[in-house]
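What follows is a set of notes on a single structure, which appears directly below.
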Amino acid sequence: MRKSIFLIVPFFAAFILINCSNSDDPAETSTATTTVPDVYQKIYGATSITTDGTYVTIKTTGQPDHKSVYYPTTNDKYEAFSGTTTFGNYTFKKNPNTISLTNAYTFKIPLNPVVATTHASTPLAAIGVAINGVPLFNQYAGPNQPLTDEFQSFDQYWGHPTATSMYHYHIEPLYLTQTKGKEALMGFLLDGFPVYGPEENGAAVTGLDVYHGHTAVTVDYPNGIYHYHITNTDPYINGNGYYGTAGTFSN
Ligand SMILES: [Zn+2]
Ligand SMILES: [Zn+2]
C-alpha cells in the first residue's frame, strides 16, 4: 500500500507542474495549434506575437533597435552620419524623411506556409518583417524602377524611411548580420516563409531560385523548409514574387 502512494505522488506533482506552466502561456485556449512556435520568438523586436492556429500575428513599432541618422536628433538612437556608405561606397545623401516614434505595424503571416500555384508579385510596401521589427521592402524604388537612386540614402545600417516615416530595409540589414551572424534568421516574408542571411554552411549561398530561395535544412527547421536568402546583389531579398501566398500588412 505504501508503495503505491509513492508512485502516485510524483505522478500528481508532474500533473500540477504541466498545468501551471500552461497557465503562463498567453495563447491559453490550450490546443497545440494556438501556441506560437519557438522560432517566432526570434522576432525580438515584436511588441506581441500571437496565433489563431492559421496565421501568426506579429505587431511591431517598426523602430530600428540600432542607431540611425534618420531618428529625430533628440532621440537617443540618433547618430550623425556622413561620408561614404559601406554598401557600394555611395556618398551618403540623407532623404527628407524621419523615423516615426508613433507608428504601429501588424504583419499577419501564414503559420504553415505552402507554395502558391501562382506567385504574386511583391508590393511597393512592406513585404515582410525583420527580427528587430523593421519592415522589409523589395528590390524596387518604384514600379519596375531599380534601387539605384535609393542606395545613396541608406544610413549606417543600410536602411532608410519612407515619406510616411516607415523605416525599412531593401537589402541586407547590416545591424542584424553584425549582431546575429551572416547565417542567422533575418525575418519572415508575408507569405510566412523565413528569410536568412547571405551565408549558409560557412559560405555565400548559391543556387537560389527565381523567388530568391531554396528548400534546405536550417537551424530553426531541422526537417527542412523553403526559405529566402538576403544576398548583396540584386534582387537582394526577394526575386520574382512570393513563393507562397502572402498574408497581410497593416498600419
Ligand atoms: Zn526604400
Ligand atoms: Zn538556405
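Predicted, not measured: the structure shown is a model, and the values here were computed from it.
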- Message: If you apply the rule side chain to side chain donor-acceptor pair (under 3.5 Å), what do you find for Tyr167 with Asp155, and how did you get there?
- Response: CA-CA 11 Å; Tyr167 187 83; Asp155 68 9; 2.7 Å; yes
- Task: Report the C-alpha separation of Tyr175 and Lys67 in whole Å, then their side-chain angles, then the decisive distance to 0.1 Å, and conclude whether the side chain to side chain contact (heavy atoms under 4.5 Å, CB included) test is met.
- Result: CA-CA 9 Å; Tyr175 182 76; Lys67 303 269 183 178; over 6 Å; no
- Could you please spell out the steps behind the side chain to side chain contact (heavy atoms under 4.5 Å, CB included) verdict for Tyr236 and Leu147? CA-CA 11 Å; Tyr236 308 105; Leu147 289 171; 4.0 Å; yes
- Task: Using the ring-ring contact (aromatic ring centres under 6.0 Å, His included) rule, take Tyr40 and Phe188 through it: C-alpha gap first, then chi angles, then the decisive distance, then the call.
- Result: CA-CA 9 Å; Tyr40 298 100; Phe188 290 85; 4.9 Å; yes
- Please walk me through it: do Tyr228 and Tyr211 pass ring-ring contact (aromatic ring centres under 6.0 Å, His included)? CA-CA 8 Å; Tyr228 302 100; Tyr211 311 104; 8.1 Å; no
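Trp158 is connected to Leu136 through a chain of hydrophobic side-chain contacts under 4.5 Å among Ile, Leu, Val, Met, Phe, Trp and Tyr, so both are in one cluster. Residue Ile225 is not grouped with residue Tyr55 when hydrophobic side chains (ILVMFWY) are merged at heavy-atom distances under 4.5 angstrom, including chains of intermediate members. By the criterion of side-chain heavy atoms lying less than 4.5 angstrom apart, applied directly or through intervening Ile, Leu, Val, Met, Phe, Trp or Tyr residues, Val195 is grouped together with Tyr221 in one hydrophobic cluster. Put simply, Ile58 and Phe249 are part of the same group of oily side chains (I, L, V, M, F, W, Y) that touch within less than 4.5 Å, one to the next. A continuous path of ILVMFWY side-chain contacts below 4.5 Å connects Val39 to Phe107, so both sit in one hydrophobic cluster.
A donor-acceptor pair under 3.5 Å is formed between the side chain of Gln63 and the backbone N or O of Leu101. Looking only at distances, no side-chain donor or acceptor of Thr177 sits under 3.5 Å from a matching main-chain atom of Gly181. A side-chain donor-acceptor contact under 3.5 Å links His119 to the backbone of Tyr242. Between the side chain of Gln156 and the backbone N or O of Glu79, at least one donor-acceptor pair lies under 3.5 Å.
Atom OG1 of Thr91 and atom NZ of Lys93 lie 11.0 Å apart (nearest 0.5 Å). Within the model, atoms CG of Leu190 and NZ of Lys108 stand 12.0 Å from one another, a figure rounded to the nearest 0.5 Å. In this structure, the separation between OH on Tyr90 and OG1 on Thr84 is 12.0 Å, given to the nearest 0.5 Å. Atoms OG and CZ, on Ser153 and Phe92 in that order, are 7.0 Å from each other to the nearest 0.5 Å. Here the straight-line distance linking atom CD1 of Ile49 with atom CD1 of Ile43 works out to 4.5 Å at 0.5 Å rounding. Between the CD1 atom in Ile127 and the OG atom in Ser121 there is a gap of 11.0 Å [rounded to 0.5 Å].
Checking Tyr157, Phe81, Tyr78 one by one against His66, the ring pair (Phe, Tyr, Trp, His ring centres under 6.0 Å) holds for a single residue, Tyr157.
Annotation for Leu124: hydrophobic cluster partners, listed by chain and number, are Tyr140 (ILVMFWY side-chain heavy atoms under 4.5 Å, direct or chained).
Using bins of under 30°, 30° to 60° and over 60° for the plane-to-plane angle, the ring pair Phe154/Phe151 lands in the perpendicular bin. His160 and His170 have perpendicular rings, their planes meeting at more than 60° on a 0 to 90° scale where under 30° would count as parallel. Using bins of under 30°, 30° to 60° and over 60° for the plane-to-plane angle, the ring pair His227/His214 lands in the perpendicular bin.
Put simply, the side chain of Phe137 reaches to within 4.5 Å of the side chain of Thr162, judged on heavy atoms. Side chains of Asn251 and Met166 form a contact here, defined as non-hydrogen atoms less than 4.5 Å apart. Side-chain contact between Lys77 and Pro64 is absent, with no heavy atoms from C-beta onward closer than 4.5 Å. Asn75 has its side chain out of reach of Ser68: every pair of non-hydrogen atoms, C-beta onward, lies at least 4.5 Å apart.
Across all non-hydrogen atoms, the minimal contact from Val217 to Asn223 is CG2-C, 4.4 Å. The heavy-atom pair separating Pro161 from Asn95 by the smallest distance is O-ND2, 3.0 Å. The minimum heavy-atom distance between Pro110 and Thr245, with the atom names listed, is CG-O, 3.5 Å. Taking both residues in full, the closest heavy atoms of Leu185 and Ile131 are given as O-CD1, 3.4 Å, listed atom of the first, atom of the second, then distance. When all heavy atoms of Tyr71 and Thr98 are compared, the pair lying nearest together is C-CG2, 4.2 Å. Across Pro113 and Leu111, no two heavy atoms sit closer than the pair CD-O, 3.3 Å.
Shown here are the salt bridge (charged side-chain N to carboxylate O under 4.0 Å, His left out) partners of Glu172, two or more places apart in sequence or in another chain: Lys182.
Using modelled atom types, one finds a donor on one side chain and an acceptor on the other under 3.5 Å when comparing Tyr196 with Asp220. In this model, a donor atom of one side chain and an acceptor atom of the other lie less than 3.5 Å apart for Tyr226 and Asp209. Looking at Tyr44 and Asp65, their side chains do bring a donor and an acceptor atom within 3.5 Å of each other. Inspection of the Gln139 and His212 side chains reveals no N or O donor paired with an N or O acceptor under 3.5 Å. Using modelled atom types, one finds a donor on one side chain and an acceptor on the other under 3.5 Å when comparing Asn132 with Tyr169.
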